[in-house]
Amino acid sequence: MVKWQELTKTCDTYPKVTMKKTHQPPEPCSTAELEEAIKVLEGRWKILIIFHLFSAPVLRFSELRRAMVGISQKMLIQQLRDLEKHGVVARKVYPEVPPKVEYKLTKDGIALRAALKALKSWAGSRDARLSVKEGAG
């Protein structure tokens, strides 16, 4: 006798309910795309760099450094190089003394706007809920 049971893929935003035999394991959820995105954006400063580049089409290194309080020059360089390596930021060096270096978002970087705005909105609504809870206590 074959038993049937409902199985739900837990990683889907809108779960698909399927009928499968109980002796078959459910399909594994693939998080590969999400893991790749996190690798590109991981680090304390990368998302903030991207947000600053949303505000101006092109920023010089010194402008980014002034806009980002608390970041060291070394860390800013590392984070920008990593974003450039992943194709999120484009770097242009002008052959002059002192060197002039500008950064702008690539098409992939610009494509992050909606996702990062949603993240910012989520953080704002979460902070508002936490403030209400703290005030009530």
Side-chain angles (χ1 to χ4, degrees):
M1 180 173 150
V2 177
K3 293 184 179 181
W4 293 86
Q5 121 183 11
E6 285 189 356
L7 299 175
T8 305
K9 288 181 75 174
T10 56
C11 64
D12 286 345
T13 305
Y14 300 101
K16 297 175 185 174
V17 177
T18 59
M19 298 298 287
K20 294 192 176 214
K21 296 178 183 177
T22 55
H23 66 277
Q24 292 179 341
E27 290 180 36
C29 296
S30 175
T31 59
E33 296 90 357
L34 183 57
E35 289 174 25
E36 279 302 311
I38 289 170
K39 283 180 189 175
V40 171
L41 299 174
E42 71 184 345
R44 178 177 176 188
W45 301 102
K46 288 181 185 173
I47 292 175
L48 297 176
I49 290 169
I50 294 167
F51 263 111
H52 284 292
L53 288 171
F54 284 152
S55 65
V58 176
L59 286 175
R60 293 183 66 176
F61 179 83
S62 58
E63 294 170 323
L64 268 172
R65 178 129 189 252
R66 278 193 301 272
M68 299 186 62
V69 178
I71 191 170
S72 68
Q73 180 174 338
K74 178 183 175 185
M75 182 56 67
L76 181 56
I77 290 168
Q78 287 175 349
Q79 300 287 283
L80 284 166
R81 284 184 180 162
D82 203 38
L83 287 169
E84 183 182 13
K85 178 180 85 175
H86 288 291
V88 176
V89 170
R91 176 178 185 251
K92 184 173 183 180
V93 180
Y94 294 90
E96 56 187 57
V97 177
K100 178 181 173 184
V101 181
E102 293 180 339
Y103 294 90
K104 68 178 185 175
L105 294 172
T106 62
K107 286 182 181 179
D108 285 345
I110 292 168
L112 287 168
R113 183 183 299 266
L116 296 182
K117 278 188 169 186
L119 182 61
K120 184 179 177 190
S121 176
W122 172 81
S125 65
R126 184 174 181 273
D127 287 345
R129 283 193 312 276
L130 291 175
S131 295
V132 169
K133 285 181 182 179
E134 289 173 4

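When the salt bridge (Lys or Arg N to Asp or Glu O under 4.0 Å) test is applied to Glu102, the partners found at least two apart in sequence or on another chain are Lys100. Every residue meeting the side chain to side chain contact (heavy atoms under 4.5 Å, CB included) condition with Arg66, not counting sequence neighbours, appears here in chain and number order: Ser62, Glu63. Listed by chain and number, the residues in a side chain to side chain donor-acceptor pair (under 3.5 Å) with Glu42 amount to none (sequence neighbours excluded). With sequence neighbours left out, Val93 forms a side chain to side chain contact (heavy atoms under 4.5 Å, CB included) with Arg91, Val101. Listed by chain and number, the residues in a side chain to side chain contact (heavy atoms under 4.5 Å, CB included) with Gln73 are Phe61, Arg65, Ile77 (sequence neighbours excluded). Applying the side chain to side chain contact (heavy atoms under 4.5 Å, CB included) criterion to Lys92, with sequence neighbours excluded, gives Tyr94.
Sorted by first and then second residue, the side-chain hydrogen bond (donor to acceptor under 3.5 Å, both in side chains) pairs involving residues 74-89 (not counting sequence neighbours) are Lys46-Asp82, Asp82-Lys85. Listed by first and then second residue, the side-chain hydrogen bond (donor to acceptor under 3.5 Å, both in side chains) pairs that reach into residues 105-126 come to none, sequence neighbours excluded. The ring-ring contact (aromatic ring centres under 6.0 Å, His included) pairs that include a residue from residues 36-57 are Phe51-Phe54, where partners are two or more places apart or lie in different chains.
Proximity of Val89 to Tyr103: side-chain heavy atoms (C-beta onward) are separated by under 4.5 Å at one or more points.
The shortest heavy-atom contact between Leu83 and Ile49 is CD1-CG2, 3.9 Å.
Taking CG from Leu41 and CD1 from Ile47, the interatomic distance works out to 5.0 Å, rounded to the nearest 0.5 Å.
In terms of hydrophobic clustering, with Ile, Leu, Val, Met, Phe, Trp and Tyr side chains grouped at heavy-atom distances under 4.5 Å, Leu112 and Leu119 are assigned to a common cluster. If you chain together hydrophobic residues whose side chains sit under 4.5 Å apart, Val58 and Ile110 never meet in one group.
Taking Ile, Leu, Val, Met, Phe, Trp and Tyr as hydrophobic and joining them when side-chain heavy atoms fall under 4.5 Å apart, one finds Leu34 in a cluster with Ile38.
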